[in-house]
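Take a look at the structure below.
Reminder, nothing fancy here: chain letters follow the sequence lines and each chain counts from 1.
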Number of protein chains: 2
Amino acid sequence: MTKQQVLEEALNLFAHHGYENTSLAHIAKAVGIKKPSLYNHFSNKEAIFFEVLDEVVKRQIQFFEQKGSELNQDSIEDQLHDFYDIYLDYMTTSTEGMFFKRVTFFPPENFSDEIKKAFLRVEDTLTNSLIPVFEKGIEEGKLRKLPVPMLTSAFYTLIDGLFLEENFYDTDILNERKKASWEIFWLGIRHPEEA
Amino acid sequence: MTKQQVLEEALNLFAHHGYENTSLAHIAKAVGIKKPSLYNHFSNKEAIFFEVLDEVVKRQIQFFEQKGSELNQDSIEDQLHDFYDIYLDYMTTSTEGMFFKRVTFFPPENFSDEIKKAFLRVEDTLTNSLIPVFEKGIEEGKLRKLPVPMLTSAFYTLIDGLFLEENFYDTDILNERKKASWEIFWLGIRHPEEA
DNA sequence: AATCAACTAACTAACGTTTGTTAGTCTCAT
DNA sequence: ATGAGACTAACAAACGTTAGTTAGTTGATT
């Protein structure tokens with residue numbers, strides 16, 4: 001039980017302050033125990049981090065798999081836009097998203113390899129949800145006949161950009177950016193005959 | 001002279017390891033002096049940081065102003081694409097760019113306000129170089145008649161996305177992303193009659 | 001039912017290191 | 001001879017970590 005609390009609080013603190021700025025004292029205080037007691041559950045600070053990372057990857061994958069399967073049979077545009085919204089919202093508002101952002105942007109020196117692996121694992125799940133949507137869109141003549149990897153690539157870059165911008169801009173400007181990027185992206189990928 | 005060296009080495013270290021992971025001992029060692037000697041030139045660590053930040057902002061602004069004025073009279077597409085390339089290259093390869101990335105993504109707790117100001121100052125310069133290009137493109141009928149703020153917004157988001165992705169992907173994948181994003185962006189903004 | 005051993009999970013105290021910072025001193029140009 | 005800029009020495013605070021102790025629970029043995 002305590003162990004789960006530690007993981008939860010550590011996730012929170014890592015997400016908001018980063019790994020190196022989160023001390024064991026902080027974590028212990030958040031849980032309500034003393035610093036050395038952490039060693040009853042984890043062998044060291046790194047171990048806490050990796051368990052948190054693992055947990056976050058699991059949650060993210062589960063989240064995206066669920067959302068991917070929930071995509072209803074609306075128009076391609078709606079499906080993509082929903083995905084865009086959901087993904088962005090999750091990444092910018094959830095603790096897991098913030099943690100992910102922190103550790104993928106600037107991995108704690110040393111374990112950047114493990115983190116890259118984790119990142120790519122999550123991205124894979126996402127791609128698998130995305131590919132069929134694009135493929136169907138092209139088949140149905142709703143989208144330009146562009147290579148699917150090109151579409152997913154551009155889609156990610158869009159999202160990554162907004163993901164980053166969420167750092168500097170307040171909600172108003174961010175929403176404007178979100179809208180602008182989406183509109184131009186959509187103009188770029190939709191089949192020109194369809195209008 | 002020593003002071004300039006300190007600023008240069010601090011810039012380097014802050015760019016590669018971040019503010020909190022860079023100790024005064026590191027900086028002193030890089031310069032070739034002892035830690036307390038730093039206090040002959042700066043009142044404390046924060047002061048070093050802010051002088052570095054100031055210097056970086058100056059350099060970035062100068063760089064973009066120059067590049068903006070150098071844009072030749074090629075086609076709109078080439079002008080924009082050049083900008084895209086130059087900006088990305090600068091942000092991903094120069095020490096100043098890396099520093100900027102570090103401090104804007106995750107500002108050292110406390111002085112995030114100052115950093116935001118710096119970021120917006122640089123962005124302003126960039127926007128001023130960009131607006132006339134888009135305006136001319138629309139006038140000449142090369143681009144869709146979209147609101148210019150929408151174009152700049154989307155353009156930034158694109159670049160920000162790639163800027164971020166430079167963290168995880170090796171050159172090959174990154175170049176693929178770069179290409180994909182640009183192509184779809186261009187399809188989105190170019191005037192459909194022109195082809 | 002009572003006893004004892006083993007385990008869990010908390011604690012206090014202290015470790016050695018690193019952090020940013022200050023005080024005081026020496027040296028060398030101006 | 002004055003001051004700038006280097007130095008050594010030392011500081012308190014915070015870091016991750018270890019050692020040793022104690023209380024509470026569980027299971028098996030008598």
Return a table of donor-acceptor pairs under 3.5 angstrom between the side chains of residues 89-98 of chain B and protein atoms on other chains or two or more places apart.
| residue | atom | partner | partner atom | Å |
| --- | --- | --- | --- | --- |
| B:T92 | OG1 | B:L88 | O | 2.7 |
| B:T92 | OG1 | B:D89 | O | 3.4 |
| B:T93 | OG1 | B:D89 | O | 2.6 |
| B:S94 | OG | B:Y90 | O | 2.6 |
| B:S94 | OG | B:G97 | N | 2.9 |
| B:E96 | OE2 | B:R59 | NH1 | 2.5 |

Quiz item: Taking atom types as modelled and ignoring hydrogens, do the side chains of B:S181 and B:Y84 form a donor-acceptor contact shorter than 3.5 angstrom?
Solution: no
Per the under-4.0 Å heavy-atom filter, residues of residues 5-32 of chain A near DNA chain D come out as A:T22, A:S23, A:L24
Q) How about B:T125 and B:E65: does a side-chain donor come under 3.5 Å of a side-chain acceptor? A) no
Hey, can you pull the donor-acceptor pairs under 3.5 Å for the side chains in residues 26-34 of chain B, sequence neighbours left out?
| residue | atom | partner | partner atom | Å |
| --- | --- | --- | --- | --- |
| B:H26 | ND1 | B:S23 | N | 3.1 |
| B:H26 | ND1 | B:S23 | OG | 3.1 |

In whole angstroms, the gap separating C1' of D:dA6 from CD1 of B:I33 amounts to 8 Å
Residues passing the ring pair (Phe, Tyr, Trp, His ring centres under 6.0 Å) test with B:W186, sequence neighbours excluded, are none
note: A:M1, atom CE; D:dT25, atom P; distance rounded to Å ~ 18 Å
From NZ of B:K3 across to P of D:dA4 the rounded distance in Å is 13 Å
So the salt bridge (Lys or Arg N to Asp or Glu O under 4.0 Å) pairs with at least one residue in residues 42-51 of chain B (sequence neighbours excluded) are B:K3-B:E51
Point to revise | side-chain N/O B:K34 vs D:dA6 OP1/OP2, d < 4.0 Å | key: no
So, with a heavy-atom separation below 4.0 Å from DNA chain D, the residues of residues 35-43 of chain A are A:K35, A:P36, A:Y39
- Task: Could you tell me whether B:K67 and B:D82 have a side-chain N and a carboxylate O separated by less than 4.0 Å?
- Result: no
With A:F105 as partner, the option from A:F163, A:F119, A:F100 fulfilling ring-ring contact (aromatic ring centres under 6.0 Å, His included) is A:F163
